[in-house]
Asks: 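Here you go, one structure.
The structure displayed is predicted, hence computed values, not measured ones. Counting starts at 1 for both ligands and their atoms, following the listed order.
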Amino acid sequence: MSTQAPVLSTATERKKVTTQTLRRKKQRGEVISMLTAYDYPTALAMDQAGIDVILVGDSLGMVVLGYPNTLPVTMEDMLHHCRAVARGAKAALLVGDMPFMSYQVSTQEAVRNAGRFLQEAGMDAVKLEGGSERIGAITAIVSTGIPVMGHIGLTPQSINQIGGFRPQGRDGAAARRLLEDALRLQDAGCFSLVLESIPSRLATYISQQLEMPTLGIGAGPGCDGQVLVTHDLLGLFDRFTPKFVKKYADLNGEMRRAFSEYITDVEGHAFPAAEHEVEMPDEEWQAFLEGIESGE
Ligand code: KIV
């Protein structure tokens, strides 16, 4: 880590993105961009690049904390990473993902936990997974003034029920249920909806039926916006890459290259070089040595 004074960003100030901004974008046919972030530098870079929405996703559990799925993620994990993101991003709409068991047990707990994302972690809104079965929690959270983003289709917190990370809504009845869920979530007050891993034609149809914007991940180009897990996009997560991901970089490969170059340099005495050293004036060095010799 550098101990130099920070260089202040020269990026032009952007207007804060709000839930209304997203609604207007949909009305104007402008596509919404959304990515996940879990730390300060990533959030800063993304915000400066002009992203509309940053989701502090519970995908954190898999791509940052190394769990096999999102189920072990806790409220404290989420709040810790949300705070870091909020320090980095000033203009993007910030959405905190409610972790497994933070909104399912009771409406009261759901409201209390949703509130913590805004009160303690600098988020603007929360996201939670599920369809009609979540209407009670969503209605209660929205009634306190907290914007809620819905999430249907492949809902990773339910992998044990749906049998793994697999596409949803591929038969007529399942597609119909997803459409009904989407409409009910809109009626309950959601300001937007993530559609994950469902057929493109179904996602397009649902998006056209809704006034609230949809954000697709593995749901094709007919959604009102797109979202990806940033570690997939950057090539930072090596365990698997879903079919719907486009890799924009190979940062895992780049990190390994940099780390092995560092190890080679250290072992070969090529690092640190003269330019990395802290200097001390000769007279001060002499004074130091003389002080030791004279025992003072
Ligand atoms: O946790 C997450 O990153 C998500 C996105 C996949 C939408 O929910």
Asks: What is the minimum heavy-atom distance between Ala37 and Met46, and which atoms define it?
Replies: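 Closest approach of Ala37 to Met46, heavy atoms only: CB-SD, 4.0 Å.
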Asks: Lys127 near ligand 1, heavy-atom distance under 4.0 Å?
Replies: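 Within the 4.0 Å threshold, so yes.
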Asks: Salt-bridged, Lys246 to Asp232, with N to O below 4.0 Å?
Replies: no
Asks: Within ligand 1, which atoms have a heavy atom of His151 less than 4.0 Å away?
Replies: 8 (O)
Asks: So is there a nitrogen or oxygen of Glu129 less than 3.5 Å from a nitrogen or oxygen in ligand 1?
Replies: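 In fact, backbone or side chain, Glu129 has no N or O that close.
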Asks: What are the two closest non-hydrogen atoms of Met149 and Val194, and how far apart are they?
Replies: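 Nearest pair, atom of Met149 first, then Val194: SD-CG2, 3.8 Å.
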Asks: Let me confirm one number: the NZ-OG distance from Lys127 to Ser192, rounded to the nearest 0.5 Å.
Replies: 10.0 Å
Asks: Taking everything shown except Arg257 itself, do over 12 heavy atoms lie less than 6.0 Å from its CZ?
Replies: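 Yes.
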Asks: Would you mind listing which atoms of ligand 1 come within a distance below 4.0 Å of any non-hydrogen atom of Gly57?
Replies: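 Going through ligand 1 atom by atom, the ones under 4.0 Å from Gly57 are 1 (O), 2 (C), 3 (O).
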Asks: Closest non-hydrogen protein atom to atom 3 (O) of ligand 1, residue and atom name please, with distance?
Replies: Ser59 OG, 2.5 Å
Asks: Is there side-chain contact between Phe191 and Leu93, with at least one heavy-atom pair below 4.5 Å?
Replies: yes
Asks: Hey, which atoms in ligand 1 end up nearer than 4.0 Å to a heavy atom of Ile217?
Replies: 6 (C)
Asks: Considering distance alone, does some N or O of Asp58 sit under 3.5 Å from an N or O of ligand 1?
Replies: yes
Asks: Side chain, backbone, both or neither: which part of Asp97 comes within less than 4.0 Å of ligand 1 when only heavy atoms are counted?
Replies: side chain
Asks: Go through the steps for Phe100 and Tyr103 under the test ring pair (Phe, Tyr, Trp, His ring centres under 6.0 Å), then give the verdict.
Replies: CA-CA 7 Å; Phe100 182 54; Tyr103 56 93; 8.4 Å; no
Asks: Report the part of Leu55 in contact with ligand 1, treating N, CA, C, O as backbone and CB onward as side chain, heavy atoms under 4.0 Å; options are side chain, backbone, both, neither.
Replies: side chain
Asks: Atoms of ligand 1 less than 4.0 Å from Thr36 heavy atoms?
Replies: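 Checking each atom against Thr36, I get 3 (O).
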